[in-house]
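Numbering of residues begins at 1 and proceeds along the displayed sequence.
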Amino acid sequence: MNTHQYTDQEVLFRLATPDDEALFEHVAEDVFDNAIIPQRLQENLKDRRLHLALAISNGLIVGMAAGMHYSQPDKDPQFFVDELGVAPGYQRRGIGRGLLQLLLELAQGLGCKEAWVATEEDNRPAKSLYASMPNSQESRAVIYTFTLS
């Protein structure tokens, strides 16, 4: 799975591995919401259920999509796309689509029968991307968050 790589528009798309910590020293602005926390990065890269798809241009991470696979005792495995970010200078070039496609291919290879993602109602670029993907279906949900101290 980690060997699945392809190049498009001078951008390499690949899955992060536990050996990739050094890559995260070179991340374009606004790819992640906040600065990388080394301990959290190590935890994430080592957890076999967490996955990071990366878009890399000239050694710089210009995009990422994070997801996780999970199962319930009564359901086939599923894949949750948690987050997708592309640096502003690289947007509208198919990078978000490439990252999402890489995660969906991974999910299928893991035996997942369904993948899902949530976004804000007013996030038109994300909604447009997700709606344009093959076999996508929009469904409505109400989301509750719980602040834990």
Side-chain angles (χ1 to χ4, degrees), residues 1-38 40-71 75-143 145:
M1 264 169 267
N2 291 331
T3 60
H4 180 73
Q5 300 177 8
Y6 58 95
T7 304
D8 185 8
Q9 300 179 357
E10 301 177 6
V11 175
L12 173 70
F13 294 86
R14 67 190 279 288
L15 296 170
T17 71
D19 299 324
D20 285 337
E21 276 186 65
L23 281 177
F24 291 84
E25 294 173 11
H26 306 285
V27 178
E29 283 193 42
D30 295 326
V31 170
F32 291 91
D33 293 334
N34 301 299
I36 300 293
I37 301 168
R40 299 291 177 247
L41 173 62
Q42 291 170 5
E43 291 170 1
N44 190 281
L45 293 176
K46 290 177 183 172
D47 191 323
R48 292 182 26 208
R49 291 193 175 260
L50 302 179
H51 310 282
L52 276 174
L54 303 176
I56 303 167
S57 179
N58 297 319
L60 180 69
I61 296 175
V62 297
M64 72 85 195
M68 63 175 281
H69 71 277
Y70 63 96
S71 62
K75 296 177 181 73
D76 287 326
Q78 293 191 30
F79 196 94
F80 170 56
V81 178
D82 180 44
E83 200 167 329
L84 190 146
V86 177
Y90 291 83
Q91 293 175 358
R92 313 241 358 118
R93 292 177 51 193
I95 292 173
R97 174 179 292 284
L99 290 164
L100 184 56
Q101 188 62 45
L102 185 55
L103 283 184
L104 295 177
E105 289 171 7
L106 170 68
Q108 190 171 25
L110 291 167
C112 297
K113 304 296 183 205
E114 185 175 69
W116 63 283
V117 63
T119 191
E120 294 81 11
E121 185 67 36
D122 63 349
N123 189 339
R124 289 198 323 243
K127 288 173 61 176
S128 177
L129 169 62
Y130 303 144
S132 74
M133 298 299 291
N135 302 316
S136 71
Q137 298 173 11
E138 181 178 329
S139 59
R140 302 285 175 170
V142 177
I143 299 173
T145 58

Note to self: Can you tell me how far apart CG (Leu103) and CZ (Phe13) are? Round to the nearest 0.5 Å.
What the structure shows: 11.5 Å

Margin query: To the closest 0.5 Å, what do you measure between CE (Met68) and CG (Leu50)?
Written below: 6.5 Å

Next item on the list: Determine yes or no for a side-chain-to-main-chain donor-acceptor pair under 3.5 angstrom, with Thr119 supplying the side chain and Ala126 the backbone.
Entry: no

Notebook entry, point to check: From Phe80 CZ over to Cys112 SG, what is the distance, rounded to the nearest 0.5 angstrom?
Noted result: 13.0 Å

Checklist line | Residues forming a salt bridge (Lys or Arg N to Asp or Glu O under 4.0 Å) with Lys127, sequence neighbours excluded | finding: Glu121

Next item on the list: Kindly give the heavy-atom pair with the smallest separation between Val11 and Ser57, and that separation in Å.
Entry: CG2-CB, 4.3 Å

Item checked: Pairs where residues 18-32 contributes a residue and the test side-chain hydrogen bond (donor to acceptor under 3.5 Å, both in side chains) is met, not counting sequence neighbours -> Arg14-Asp20, Thr17-Asp20, Glu21-Gln42

Margin query: Atom CG of residue position Asn58 - does it have more than 12 heavy atoms of other residues, nucleotides or ligands inside 6.0 Å?
Written below: no

Margin query: Among residues at least two apart in sequence or on other chains, which ones pass side-chain hydrogen bond (donor to acceptor under 3.5 Å, both in side chains) with Arg48?
Written below: none

Notebook entry, point to check: Going from CG on Leu60 to CG on Leu54, what distance comes out if it is rounded to the nearest 0.5 angstrom?
Noted result: 11.0 Å

Next item on the list: Scan for ring-ring contact (aromatic ring centres under 6.0 Å, His included) pairs involving residues 41-61, sequence neighbours excluded, and state none if there are none.
Entry: His51-His69, His51-Phe79

Notebook entry, point to check: For Tyr130, what residues pass the ring pair (Phe, Tyr, Trp, His ring centres under 6.0 Å) criterion, not counting sequence neighbours?
Noted result: none

Next item on the list: Return yes when atom CD of Gln108 has more than 12 non-hydrogen atoms of other residues, nucleotides or ligands closer than 6.0 Å, and no otherwise.
Entry: no

Margin query: Tell me every residue that passes salt bridge (Lys or Arg N to Asp or Glu O under 4.0 Å) with Glu43, counting only those two or more places apart in sequence or in another chain.
Written below: Arg40

Check: Can you tell which of Leu110, Leu104, Leu102 makes a side-chain contact (heavy atoms from CB on, under 4.5 Å) with Leu106?
Finding: Leu110

